[in-house]
Amino acid sequence: GKHVHPAPTATHCLFKNRQQKNRRDLGICSPGISILHPFNKRQHACKNTVRSFRVQGPQALEPLQRDWKQEFKQQASEPSLVEIMLRGQISPQLPWRQVSVRPVIIKKKPHLQFSYFDRTKNIVKNAKPGSEESIARLTELLDLPFSQVTLRSMDQDTVVQMRDGRTSVHTSAPAKPLGPINLKHNRVKDLPISPHVSHPFLQRIGLQTSEGRVKAGMQDKFTQVNEFLKLLKHTGLFESVSASKGLAVENSALGRSSSSSSSSRDSDNTSENSLGMLDITAERQASSTGASSSSSSSSSSSSNALRILDCGCGSSHLTFGLWHYTRNVLGVETHITGVDMNAALMARSNQYCQELGMAGTDACFVASSILDYQPPHCPDIVLALHACDTATDEALALAIKQGAPVVMAVPCCHKHLHRQLSGSKGTLIPPFQPLMSQGIVRQRFLDLLTDTLRASILRIMGYQVDVIEFISTEHTPRNILIRATKSASSQSSAKAAAMRQAAVKEYLELRDFWKVVPHLETLIGDELALNA
């Protein structure tokens, strides 16, 4: 890599004896500065270069400081600049936690965009490259006590780290191949369903206008659908189910390159989840194929589709949005089923399907309660977005009984546990009297208790569960998502039994402390087998 040594100074040349000369060959200079190289300077240059120096006097570091700072200022005016990123901890000396400097085009002229981030807001300032304003801004930033400064260009990456009085400069080739530099002034968010791409399907279901813009009154719903899809992508379901069913999914549509597909998961646990789901869906496909070997070619084609069941689908915006994403964006054959007790809404959704040319194998909407509905095929995904009160429990029970690999539920209108702890019963449990005596605090606490018990039951039934906020409260106050994925089937029976036993103990302690019976436990009592 490219490496520029600082100009020799008197400090570098003070070698009084042979021992100091040996120290110099090792890259150690005294008394004030130590410079560490990853290779002897007599050897050939290697890919990466690191410079490190410790300050022991007020002037010791000055030549080297000017070196990298001047280098960054020069690079800021070069057309090869991709970005300069400065990071640190906010303090009385540092008002910003992060600042980015990147090239943009504004009114057909090049500018540098300075984005300043503190704890709550982002301030953007633009200046022409090489102008007095841009140089002054960059000089001011480089003099602030940031802990790390990174310069990315088309040619190389340079990282400067300041810690415990030591500054290191690391230069290397770009971490990954770079395409054309994004010079757009306003960057477009990477969303599963782009708000800037017009599609007849989205227009027909009422999300977009005829001009291809998201309707003003549908912005919150459109945001909810996209956030729901992003969290569903993190489960790895699309890759695992598609692989087990022999379906192709474009990596670019999933928002990653083939070389980095594994790194896009939330965690190693999520990666394990996808492997487990692969085994489950492959096993189910095999049994389904054996049971229906005499069926027609059209029905066998339908059996390979990704099956999505939306319980309490209502106006079906999430249902249709998910179908649009999997079918029109990812190119995966998908069958959706919506279930809701509102017969008029189900009739309207079926009418949309006819108008959009969606065959019967693509979509179906059924007017029924969730409790009474029996899916003709085991679903791969069970959804419940804002299913009221115990309708969420009914959706979770259906998913458990069907063995669905993925469950995504956003509960709404928690009433069942509230009724069990109505009156003075809940206030008698010490030391929770203050918490249970305030109406709004009591309501929110019991909502969280309800969802915690639901998550515990899912863990007992072999799911890996996380309860997360899926969207800001400005879009909907009901913004807690229960995301459950079927655990990997490769676990040993002893380990699985131990995990189940721990989950049962945790659940019973919480349930019995509050002396309640969750509705989900009532619905799946036989499968739950708490006494087993």
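Nothing here was measured: the structure is a model prediction, and the numbers come from that model. Any value given below was found using the heavy atoms of this structure, including those in side chains, with hydrogens, waters and symmetry copies removed.
Considering only heavy atoms from C-beta on, Ser456 comes within 4.5 Å of Glu506 through its side chain. Two residues are said to be in side-chain contact when any heavy atoms from C-beta on lie closer than 4.5 Å; Leu142 and Lys73 meet this criterion. Put simply, the side chain of Leu207 reaches to within 4.5 Å of the side chain of His317, judged on heavy atoms. Looking at heavy atoms from C-beta onward, Gln113 lies in side-chain contact with Val124 at the 4.5 angstrom threshold. Side-chain contact between Ile123 and Lys125 is present, with heavy atoms from C-beta onward closer than 4.5 Å. Val159 is not listed as a side-chain neighbour of Val169, based on a closest heavy-atom distance of 4.5 Å or more. Counting heavy atoms from C-beta outward, Met408 and Leu481 have side chains that approach closer than 4.5 Å. Proximity of His386 to Cys413: side-chain heavy atoms (C-beta onward) are nowhere separated by under 4.5 Å.
The aromatic rings of Trp96 and Tyr116 are tilted relative to each other, their planes meeting at an angle between 30° and 60°.
For Lys128, there are no salt bridge (charged side-chain N to carboxylate O under 4.0 Å, His left out) partners two or more places apart in sequence or in a different chain. Contacts of Arg459 classified as salt bridge (charged side-chain N to carboxylate O under 4.0 Å, His left out), with partners at least two apart in sequence or in another chain: none. For the side chain to side chain contact (heavy atoms under 4.5 Å, CB included) test, no residue two or more places apart in sequence or in another chain qualifies with Ser210. Evaluation of the side chain to side chain contact (heavy atoms under 4.5 Å, CB included) rule for Arg97 yields Ile90, Phe117 as partners, not counting sequence neighbours. Thr334 pairs by the side chain to side chain contact (heavy atoms under 4.5 Å, CB included) definition with Leu306, Ile308, Trp323, Thr326, Val332, Ile336, not counting sequence neighbours. Applying the side-chain hydrogen bond (donor to acceptor under 3.5 Å, both in side chains) rule to Thr209 yields the partners Glu211; only residues at least two apart in sequence or on another chain are considered. Remark: Lys107 pairs with no residue by the salt bridge (charged side-chain N to carboxylate O under 4.0 Å, His left out) rule, at least two apart or across chains. Applying the side-chain hydrogen bond (donor to acceptor under 3.5 Å, both in side chains) rule to Lys121 yields the partners Asp118; only residues at least two apart in sequence or on another chain are considered. Residues satisfying the ring-ring contact (aromatic ring centres under 6.0 Å, His included) criterion with Phe72, sequence neighbours excluded, are Trp68. Here Tyr507 pairs with nothing under the ring-ring contact (aromatic ring centres under 6.0 Å, His included) rule; sequence neighbours left out. With sequence neighbours excluded, the residues forming a side chain to side chain contact (heavy atoms under 4.5 Å, CB included) with Ala384 are Ala387, Ala395, Ala409, listed by chain and number. Applying the salt bridge (charged side-chain N to carboxylate O under 4.0 Å, His left out) criterion to Glu509, with sequence neighbours excluded, gives Lys505.
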Checklist line | Trace of the side chain to side chain contact (heavy atoms under 4.5 Å, CB included) decision for Tyr325 with Lys233 | finding: CA-CA 11 Å; Tyr325 176 70; Lys233 282 170 59 179; 3.1 Å; yes
Check: Going through the distances and angles, do His324 and Val329 end up as a side chain to side chain contact (heavy atoms under 4.5 Å, CB included)?
Finding: CA-CA 7 Å; His324 168 72; Val329 178; 4.2 Å; yes
Notebook entry, point to check: Can you list the steps and then say if Leu385 with Phe228 is a side chain to side chain contact (heavy atoms under 4.5 Å, CB included)?
Noted result: CA-CA 9 Å; Leu385 179 61; Phe228 210 91; 4.1 Å; yes
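Between the Arg483 side chain and the Leu231 main chain, a donor and an acceptor come within less than 3.5 Å of each other. The closest donor-acceptor contact from the side chain of His170 to the backbone of Ser168 lies at 3.5 Å or more, if one exists at all. Asp157 contributes no side-chain N or O that, together with a main-chain N or O of Ser172, makes up a donor-acceptor pair within less than 3.5 Å. Looking at Arg152, its side chain never comes within 3.5 Å of a backbone N or O of Val82 through a donor-acceptor pair.
His111 and Pro129 make their closest contact through CA-CD, 3.7 Å (heavy atoms, listed as atom of the first residue, atom of the second, distance). Closest approach of Ile193 and Gly321 over heavy atoms only: CD1-O, 3.5 Å. The two residues Met162 and Val160 make their nearest non-hydrogen contact at SD-CG1, 3.4 Å. Across Ala404 and Val382, no two heavy atoms sit closer than the pair CB-CG2, 3.7 Å. Closest approach of Gly130 and Ser134 over heavy atoms only: N-OG, 3.3 Å. Closest non-hydrogen pair, Tyr463 versus Ala399, comes out as OH-O, 3.6 Å.
Atom-to-atom distance recorded for Asn226:CG and Phe222:CZ is 4.5 Å, nearest 0.5 angstrom. Between the CZ atom in Arg102 and the CG atom in Leu81 there is a gap of 10.5 Å [rounded to 0.5 Å]. Remark: Leu94 CG to Arg87 CZ distance equals 13.0 Å, nearest 0.5 Å. Atom CG in Leu151 sits 8.0 Å away from atom CD in Gln156 (nearest 0.5 Å). Ile480 contributes atom CD1, which lies 8.0 Å from atom CG of Asp447 (distance to the nearest 0.5 angstrom). Rounded to the nearest 0.5 Å, atoms CE (Met218) and CD (Gln224) are 9.5 Å apart.
For Phe445 and Trp514, the distance between ring centers is under 6.0 angstrom.
Of the charged side-chain nitrogens involved, at least one lies within less than 4.0 Å of a carboxylate oxygen, so that Glu227 and Lys230 count as a salt-bridged pair. Between Asp451 and Arg454 a salt bridge is recorded (basic side-chain N to carboxylate O distance below 4.0 Å).
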